[in-house]
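Nothing here was measured: the structure is a model prediction, and the numbers come from that model. Each chain gets a letter, A, B and so on, in the order its sequence line appears, and its residues count up from 1.
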Amino acid sequence: MTDAVDLTCEFLGLRLPNPIILASGVIGTSAALMVRAAREGAGAVTAKSCGPGPRAGHPNPVAVDWGHGVINAIGLSNPGAVAEVALLADAQARLRSLGVPLIASVFGGTVEEFATVARIVSGADPDLIEVNVSCPNVADEFGTPFAASCADAAAVTEAVKVAAVGIPISLKLAPNVPSIGRIAAAVVEAGADAITAINTMPGMVINADAGRPVLSNRVGGLSGPALKPIALRCVAEVASAVEVPIIGTGGVMTGRDAAEMLMAGATAVGVGTAVWYRGVSVLGEIADELCAFLRGSDCAGLGDIRGRIFE
Amino acid sequence: MTDAVDLTCEFLGLRLPNPIILASGVIGTSAALMVRAAREGAGAVTAKSCGPGPRAGHPNPVAVDWGHGVINAIGLSNPGAVAEVALLADAQARLRSLGVPLIASVFGGTVEEFATVARIVSGADPDLIEVNVSCPNVADEFGTPFAASCADAAAVTEAVKVAAVGIPISLKLAPNVPSIGRIAAAVVEAGADAITAINTMPGMVINADAGRPVLSNRVGGLSGPALKPIALRCVAEVASAVEVPIIGTGGVMTGRDAAEMLMAGATAVGVGTAVWYRGVSVLGEIADELCAFLRGSDCAGLGDIRGRIFE
Amino acid sequence: MHRTYTVTEIRDENYRTKTLVLDRALIAKPGQFAMVWLPGVDERPFSIAAASPLTLTVVAVGPFSERLHQLGEGERLWVRGPLGQPFELPAQPSGKRLVMVGGGYGVAPLRFLAREALTANAAVEVCIGARTAADVLLAERLVMDGAVVRVMTEDGSRGGRGLVTAALEAAVLEARPASVYACGPVPMLEAVESRCLAHGLPYQLSWEARMRCGMGLCGTCEVHGRRREGWLACSDGPVSVS
Amino acid sequence: MHRTYTVTEIRDENYRTKTLVLDRALIAKPGQFAMVWLPGVDERPFSIAAASPLTLTVVAVGPFSERLHQLGEGERLWVRGPLGQPFELPAQPSGKRLVMVGGGYGVAPLRFLAREALTANAAVEVCIGARTAADVLLAERLVMDGAVVRVMTEDGSRGGRGLVTAALEAAVLEARPASVYACGPVPMLEAVESRCLAHGLPYQLSWEARMRCGMGLCGTCEVHGRRREGWLACSDGPVSVS
Ligand SMILES: Cc1cc2nc3c(=O)[nH]c(=O)nc-3n(C[C@H](O)[C@H](O)[C@H](O)COP(=O)(O)OP(=O)(O)OC[C@H]3O[C@@H](n4cnc5c(N)ncnc54)[C@H](O)[C@@H]3O)c2cc1C
Ligand SMILES: Cc1cc2nc3c(=O)[nH]c(=O)nc-3n(C[C@H](O)[C@H](O)[C@H](O)COP(=O)(O)OP(=O)(O)OC[C@H]3O[C@@H](n4cnc5c(N)ncnc54)[C@H](O)[C@@H]3O)c2cc1C
Ligand SMILES: Cc1cc2nc3c(=O)[nH]c(=O)nc-3n(C[C@H](O)[C@H](O)[C@H](O)COP(=O)(O)O)c2cc1C
Ligand SMILES: Cc1cc2nc3c(=O)[nH]c(=O)nc-3n(C[C@H](O)[C@H](O)[C@H](O)COP(=O)(O)O)c2cc1C
Ligand code: FES
Ligand code: FES
């Protein structure tokens, strides 16, 4: 048995107290909530994705638990980049004193919009900018997500990389592609410093008695337990394709799940839907459980299990 | 309340006693098992996919229940088309007397192989040939599945359509594409008579204690409950894109699930993994439950709910 | 996941409030809520007014609540829940004096709580606030349940004249309660909170907020305020325990 | 899903058979089996020889079973199960005479069944077949459990000389059993079946087959035969009840 387990996580020169990162879109809507996530034990927090202008999102129902996970079509509700940057600056000031990095998240309908939003949110000096090229909930409006094509995803990457002036960027990829490894290779070639894998998987939940889809948007993104094996496979594929660090995200509910994500090649682990199943305190609890798992496996730190499935 | 509910299902001129079809790869490995599936209540049965030559498949483990569904990488074990055609002919002779149509399933590593296999199995006079362009379990060997690209899927369709000389064909599509509707449109344009949606979703299950993927093939296909919302979304997308009948497949465990699949636009409903959860008798049980659901909803037949979400 | 319920009974509570009794139970505690979905219309949070059978008390204030009022017996609605944190009774309620303060539909969940408290032999006093006599909700039913009821109306048309906090003040001065429970509009809750703080009384408040996911994910229902920083009404609440 | 087990005790049963006692239970019935996974090696079906703690009796016949024999105390293996349909004891086993016929590792699940039957006050007689004296499995343990044991070896080096069906025949002639149970190689099962049919006895047979999914999906374990058409050993069996 190892006595001390070190959970600190080096990520692109950042030092996270632990590898558990609050995923984008889950309670990352205000400075107070992001500070709370950090206090409850997150190693870093990601803000809700923001776009060029304010969006109200879709009408209710916007999310349900369908038995093996959650489906949501919030519809990228956000106050727009200009309001967001103030919120992020407030959050960043308070998170710095807690030693917890802040990740901004941006989306757009065109390459130029992505760049504009990234330039604006850079003003809050986030530690990383996540580029949401994969949100399935606005497909009607924006067409196929940028994450579906190597060329589109690379174009967004190049534009955001320039706009972010020195702030590292992570491209958030979608699972509904034939080869996520190929997309990852394209965006890394185009300058991505990291990859976040994965966003939700597009799905539809139908209520047979009502005879219609449950979400007002009809389709939505699947997250939670059902997503985990898809996410692990995607992370392993990305890890085989590129050398950059990966934020492995999808279906992580426990410290054991987080360990699996690290074994598949992730450097840090995103946690979203677990907040529904176990409350906001799940962020610190998963970190504690991961620590216990490492101790029980005679490991001193994350490096001892990271990428283990490739050994 | 309606007294009599009629479950008979017209499919490309075939008359299925009910819309529940045994999905490919599940107990469709022998004439005796396919006859049993029909006796236990399937409205049609699909044989295990066969390719040009015999394949042993992958070493164990080849399948596990991971809590929210099953993952498998059987590896397309099959005796090869020449042996398969004898098995199919035997099955067809016995199924005809039961009034249950037989669906053959074919795969290949090249367009020519698909055509060759289809030509050979046509000898058994199956009622439909399903073209498995989407099996994720042999990707290492055959590269990205044909179902990933409109052009590849269309090329296979054209070749098989010629080889199948008069037997209708259904293209079985994969969920891990940005737009399954586009693929469906391409194969229908190329001559597909029907679409089967969907095959399994590629995933990876890791055992944290063992520090490695559970399947010997590392990655496999996800099926069962976790797949249902993905399948419903895919079926709805295909139904919006093309006019041909759809065999909606993925995560159907109950008659209610089957009703949802029909509401999403399916003409018939494939059932595979439910055989693990509820036994082979599940085929007839789902049909009975669907009947009860229709009766409880004051419907006289499948037409009353088919495509209801589009109303 | 939504379950399908059928309306079995409709009771008029006042000129703009109806109680819908549904066909089966939802295992839930007082203070919890459910998201009610009318397919093709919308989905909104409603307090559980009784759990067995599930009962909702709906004030018609806008499009959704009016659609609920249009439902007839035998018609269906869809329910997801129970959601949120419930009120908590004292560990040994028997003989304890509990004061409840309700405004608007807030009386509905308090009645569910009052009935549980009365069953456990607590002494329950309910202060009901309303604009005018016609708006007073569930007062007779609560009396029949065995609660002491004090009514306040802004125009004095029924009970005392003024805000419901005046009734709370009177109840507290009469005898120190073991705990105060309140549900109603935010200004009422803030007033109740400041009275309880002044008297050093333990209190539980059920907060209102616009809700979307109802699952503690989307952040829509955040309650902003000095005392509740980064607090979500749907998952940390609706009931806050102080 | 596989659960991780640790070997806590290893017993030598004969020159090529070991019993592995694991660190915790698997809720299972006699006749059920588990898929045992050694990561990076393979995964194979093994009968549950005892459920609490989980115990496996392994005959070294090839690469996988030899790897299991190489495991030391404290080492781990992975188990998925229980799988398959169990043996069934008579509704009122007390006082009933049950005859069991085992060949090879087949004695292991029969011992689990015998112990349950003996606990329920049945009279248990176990016929054990083997090639030679050294191959006889679990005979002493079954005697200690309270069963009557008849041994047959092909070379006569222990017990009677000949096939185990001769012992079954003798046991049946002595007194008509309430039921016959058998586990072993397919030719043995077929011989037992024809004896039971001849005597008009109810019987339950546990069948062997190559297994892959173990879940009734892949079709690999189909048992072909006149009496069992389209029958899967992993999910319809391994036990067939006639
Ligand atoms: C935890 C909780 C419990 C509730 N319980 C009840 C109850 O038991 N009975 C009852 O009649 N009402 C209850 N409500 C209020 C109810 O959810 C709706 O506000 C009401 O039905 C208004 O919808 P509408 O379309 O009819 O009116 P609208 O025109 O939408 O709104 C009328 C008023 O309701 C407010 N409102 C609108 N949407 C919401 C929302 N999603 N959540 C909260 N307030 C909103 C608006 O600010 C406005 O003041 C509860 C709300 C919450 C948060
Ligand atoms: C329901 C069931 C219960 C079993 N219980 C036990 C048990 O309690 N103890 C025990 O020692 N063995 C048991 N077996 C047999 C065991 O699964 C393996 O056959 C054995 O371990 C051989 O593997 P190997 O690599 O050591 O030898 P191999 O070289 O692979 O094979 C040796 C022999 O085993 C047979 N065999 C190979 N693979 C399988 C397979 N997947 N399933 C069945 N037979 C196979 C071969 O036909 C050959 O005759 C059981 C089998 C089944 C089907
Ligand atoms: C309610 C909800 C809202 C989300 N919003 C966003 C978003 O705005 N931007 C984004 O990149 N991902 C968003 N996601 C996706 C998550 O960040 C995450 O990638 C996904 O949910 C899988 O992880 P999980 O299973 O841990 O939730 C959202 C997820 C949920 C459940
Ligand atoms: C064990 C197993 C083997 C399968 N083999 C095949 C196959 O050979 N060909 C094929 O087209 N689909 C195959 N499939 C996919 C199923 O036909 C079906 O599309 C998928 O499992 C989703 O349906 P389900 O959730 O009802 O199982 C297989 C599925 C399983 C579980
Ligand atoms: S309504 Fe979404 S967090 Fe409360
Ligand atoms: S081993 Fe797969 S069906 Fe029995």
Legend entry - Residue list, side-chain contact (heavy atoms from CB on, under 4.5 Å) with D/E13, at least two apart or on another chain: D/R11, D/T17, D/T19, D/T57, D/L137, D/L138, D/R141

Legend entry - Minimum heavy-atom distance B/P213-D/W37, with the two atoms named: O-CZ2, 3.8 Å

Legend entry - Any residue of residues 59-66 of chain B which, by heavy atoms, sits under 4.5 Å from chain D: B/N60, B/P61, B/V62, B/A63, B/V64, B/D65, B/W66

Legend entry - Contact residues of residues 124-133 of chain B (partner chain D; heavy-atom separation under 4.5 angstrom): none

Inset, instruction - Measure the shortest side-chain to side-chain distance between D/W78 and B/V214 over non-hydrogen atoms and say whether it is less than 4.5 angstrom. - result: no

Legend entry - Among the listed options B/V275, B/V280, B/V26, B/D209, the residue most often paired with chain D at heavy-atom distances under 4.5 Å: B/D209

For [X], is it the side chain, the backbone, both, or neither that has a heavy atom closer than 4.5 Å to a heavy atom of chain B?
X: D/L83; result: side chain
X: D/R212; result: both
X: D/M35; result: side chain

Just how far is it from atom [atom1] of [X] to atom [atom2] of [Y], taken to the nearest 0.5 Å?
X: D/M215; Y: B/T273; atom1: CE; atom2: OG1; answer: 8.0 Å
X: D/E222; Y: B/L33; atom1: CD; atom2: CG; answer: 4.0 Å
X: D/E229; Y: B/R39; atom1: CD; atom2: CZ; answer: 8.0 Å
X: D/R3; Y: B/N207; atom1: CZ; atom2: CG; answer: 11.5 Å

More than 12 heavy atoms of other residues, nucleotides or ligands under 6.0 Å from [atom1] of [X]: is that the case?
X: D/L38; atom1: CG; value: yes
X: D/K29; atom1: NZ; value: no
X: D/E73; atom1: CD; value: yes
X: D/R131; atom1: CZ; value: no
X: D/R67; atom1: CZ; value: no

Inset, instruction - Under the ring pair (Phe, Tyr, Trp, His ring centres under 6.0 Å) rule, collect the residues that match up with D/F87, sequence neighbours excluded. - result: D/Y181

Legend entry - Option that, when pairs with chain B are counted at under 4.5 Å, heavy atom only, ranks first among D/M211, D/R80, D/E43: D/E43

Legend entry - Winner by heavy-atom pair count (cut-off under 4.5 Å) against chain B, out of D/G216, D/G214, D/P39: D/P39

Inset, instruction - Sort B/V70 into side chain, backbone, both or neither according to what part of it lies under 4.5 angstrom from a heavy atom of chain D. - result: side chain

Inset, instruction - For B/I27 and D/L232, run side-chain contact (heavy atoms from CB on, under 4.5 Å): C-alpha distance rounded to whole Å, both residues' side-chain angles, the deciding distance at 0.1 Å, then the answer. - result: CA-CA 9 Å; B/I27 74 166; D/L232 297 169; 3.8 Å; yes

Inset, instruction - Please lay out, stage by stage, how B/I74 and D/T220 fare under the test side-chain contact (heavy atoms from CB on, under 4.5 Å). - result: CA-CA 10 Å; B/I74 303 290; D/T220 306; over 6 Å; no

